Every structure is written in C-alpha cells, then in structure tokens.
Asks: 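One structure, pasted below without further comment.
Bear in mind the structure is a predicted one, so any value in this text is a computation, not a measurement. Atoms considered below: every heavy atom in the structure, side chains included; atoms not considered: hydrogens, waters and symmetry mates. Chain letters run A, B, ... following the sequence lines, proteins first, then strands; residues in each count from 1.
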2 protein chains.
Amino acid sequence: MSLKYAVLAALLEGEASGYELSKVFDVSLANFWPATPQQLYRELERLADEGLIEARTVPQERRPTKRLFSLTEAGRDRLSAFAAEPTRRPTAVRDEFLIKMQAMDGIDPERVRALVEERRTWALGKLARYERVRERLLDGRTEEEHLREAGRVGPYLTLLAGISFERENARWCEHVLTVLGERRAPTDPTGQALG
Amino acid sequence: MSLKYAVLAALLEGEASGYELSKVFDVSLANFWPATPQQLYRELERLADEGLIEARTVPQERRPTKRLFSLTEAGRDRLSAFAAEPTRRPTAVRDEFLIKMQAMDGIDPERVRALVEERRTWALGKLARYERVRERLLDGRTEEEHLREAGRVGPYLTLLAGISFERENARWCEHVLTVLGERRAPTDPTGQALG
DNA sequence: CAGTGATACTGAACTTTTTGAATAGGTGCG
DNA sequence: CGCACCTATTCAAAAAGTTCAGTATCACTG
C-alpha cells in the first residue's frame, strides 16, 4: 500500500519518468522503500488511472520516447492526507546478512570475517554516496543555514536518517571485527575453543 | 527465501513451537526478519517436509497440545552452508514513517511534531526491551567477558545491531524536533514561512 | 556494420507477505 | 455462567513483490 505514497513523495521533487524513478529508488529513496522498475511502472499506471498523477509523452532526439509523470492537485492532497495520519506499520528491516550473523557460531571464523568486511565496505560505499547527495543539497551552506532557509527540509532529514543508518552499520561491522580478533587470539588462556 | 533460514537460526536457541516462535519474531528477531504467525506455521511445515527440522507433539495439562520443532543435523548443515555464502540481497528497510517525513513540508508542523514524538516513544520502548534482553544475556558479566567466554556470540552481536538501530532512531527524532522548533521560532526574521 | 550497452518500457508467471477469520481448549473475573 | 482474553493452530484469499524474459531505439566501439 505504501509504495503508492513513496512514488507520490518522489514526484514532489518534480516530474520524472518511470526509468528515472527506478534510478532514484535505487539510491536515495531506496533507503526506506525499495522497489523494482516493474513495480514502479505498474504503480505509475495505477496512480495515473486514479488521477493522482498525470503523464505527458516526451519524444526525444537521441533516445526513445519517454513518459514524464507529475503530481496533480489531487495527488498532492492525497499525499498530504497520508503524511498527516498516524503511522500504521512499524519499520520493517529485512536483512539476510544478520540472519547469517545470528548463525555465525558454526562457521569458519575467517569466513565470517570476510562476510563482515564485505558488509562494511558496502556500507561505507553507500555512506559516501549519501554524503555526496548531502553536499549537493547543502550547496555550500551549513546544515543550520539550510534547515532554516530551505523551502523543503523533508528530503534532507530523511537523508540524514540514511546516513546515520549506514554509519552505524559500518561501526557495528568494526566492532564485530574487533570481537572476532579477540576470540582468535584470546587473552584468557583456557584454550577452550581451539580444538 | 530467507524466512526459511531465519526460522532455522531461531531454532539454534533450542526447540520451540510455532506459537513461541511467533513471540520471538515479534521481539528479538523481528529486528531483521519480521514474520506473522501464519508465515511461521507454513514455513515450519515446509522445513519439516524437507527434513531440516523435526516435530514432536507435546500434550499439555492445562493448555492445548503443542508441537515442538527442533533442528536436525541436516537442518544445521543447511543453515551453516547458507551462513557461509556471500550475501545476495542487500538490507531492505521499509519505513512508512520516513515516507511521511519525506513529504512533511506540506503538513501542519504541530502534526509533524506529534508524529515524530510518537516515533521517538516507540523507538525508546523498543530500545528498553532490547536492553532487558541484553541484561539477561550478559547475566552479570561485562560485554568483554561474555564475548570472550560465551559459546555463541551471534545472538548478542545481532542484538547490539538492533540496539544501535533504535538508539539512532530516537536520536534522529530528537534532532528533527530541534529543527522543527527552530523553524517555528526562526532567528532569521524574514517571516517567510509564517503566512 | 555487427556487437555491446544505455535508455525506456511491457508482460506474464511466480513467490512471498499480509489480512481476516475460524477453530478450540483453558483461565480468570464479576 | 457468560465474557474476555490467552494459548495454539489452521484456512482462504488478496495484495505486494520478485524474476525472467522480452521489445525497441539509439550511441559508441572496433
């Protein structure tokens, strides 16, 4: 149900094609509501049928024709009504990696290290991408200036949420690597786990 | 596909009924792989058919008969094989609340405050529950002692991930409340947003 | 001028997840 | 004794999401 509103919220940034949205949903918004291109195209179709967005066909010089979608007044109103409602669904995190970590104590510790390193690298990469988006949004101003002066603050604040999420991810990985290191070379000399 | 492994990982803690798992998936594991009771019962059926878990029927004195499930050797092996593989799916966060925040700049600021306060309260509540689980796991030891000495460290480490997630959530809410407060009483006197 | 890859979109089958309800024994309250 | 609520599970159906496989246009490379 919420994909609908995620799409409407994305269109607050201005008109976009399905293809463009599928890019956006992979970097910024992917943060809190991922969707595949197929989902987006279907959703855009439905929203247009409902009159919440409108499409305009744009033939291009050097590329295939695209359809740009933008919010209608009805769409804006519907989104605002949704945003003002209390939140029904709690946050759902689905993380295959953490299932593996839950079961880590049966796996070769070097294998676990490798998985955690991989995860850390990934989190840092995402963090760097978010930081670049942030620089672009701030455009030279400090956070305080931007938040006082900007017309819209929602996109910046949700970006901050993504940044702190990935930063904590990376920190957690580092903590786990430390723990694994200490278990490999234990200061306690019982030798229990070294069969 | 991963629910299967989430269930196997949950059974590492010992045998459990579908009902008990549905409780666990609502507090600790809900963290990174939520599931409804219906999903769990179906998954348990499938896993038993595959021979990865086995069921034993336990008639009870004052309660309905329950079926307790436990890992088989095949189940343990399958879980270990899964846990050692590189992670295919990146973390997926689905958060209706953050969609609302993305669209906050069209909503009555007092309404937004209320939503953020609600979210903060919820995060702090979850954090408190996690902290209690942590106390129980540590059982008087320090984190360092526990991590060096414990047989299994996976459950503790994933719990830490949950704790830092909710702590950051609460912090983010507090930051947003500050920002909203400053926009309500701006030091910059243009009065632009006070129409 | 064939191959590769980006843009731009569509279709159909499939799996997973959610929702709502039904069943059924037992406990505790007034 | 009736009602609400907890344990424990199952059924059915809808909604949401994933996967795989296309179509088609154009740009760039060798």
Asks: Check whether A:Asp105 reaches the backbone of B:Gly154 with its side chain - one donor and one acceptor, N or O, closer than 3.5 Å.
Replies: yes
Asks: Any chain of hydrophobic side-chain contacts (each under 4.5 Å) joining A:Val179 to A:Leu177?
Replies: yes
Asks: Checking B:Glu96 against A:Thr87: is there a side-chain donor and acceptor pair closer than 3.5 Å?
Replies: no
Asks: May I ask you to decide if the ring planes of B:Tyr5 and B:Phe82 are parallel, tilted or perpendicular, using 30° and 60° as cut-offs?
Replies: parallel
Asks: Produce a footprint string for nucleotides 12-21 of chain D: one letter per nucleotide, 5' end first; B if the base is under 4.0 Å from any protein heavy atom, S if only the sugar-phosphate is, - if neither.
Replies: ----SBBBBB
Asks: Residues in salt bridge (charged side-chain N to carboxylate O under 4.0 Å, His left out) with A:Arg111, at least two apart?
Replies: none
Asks: D:dT9 P sits how many Å from B:Lys66 NZ, rounded?
Replies: 8 Å
Asks: Going 5' to 3' along DNA chain C, which are the first and last nucleotides with any atom under 4.0 Å from a heavy atom of chain A?
Replies: C:dT7 to C:dT19
Asks: Without decimals, in angstroms, what is the distance between A:Tyr19 OH and D:dA24 P?
Replies: 18 Å
Asks: Evaluate side-chain contact (heavy atoms from CB on, under 4.5 Å) for B:Arg134 paired with B:Leu160, printing each intermediate quantity in order.
Replies: CA-CA 8 Å; B:Arg134 180 189 192 170; B:Leu160 282 189; 4.0 Å; yes
Asks: Establish, yes or no, whether a centroid distance under 6.0 Å links the rings of B:Phe165 and A:Phe165.
Replies: yes
Asks: Do A:Val176 and A:Arg120 have side chains that get closer than 4.5 Å, going by heavy atoms?
Replies: no
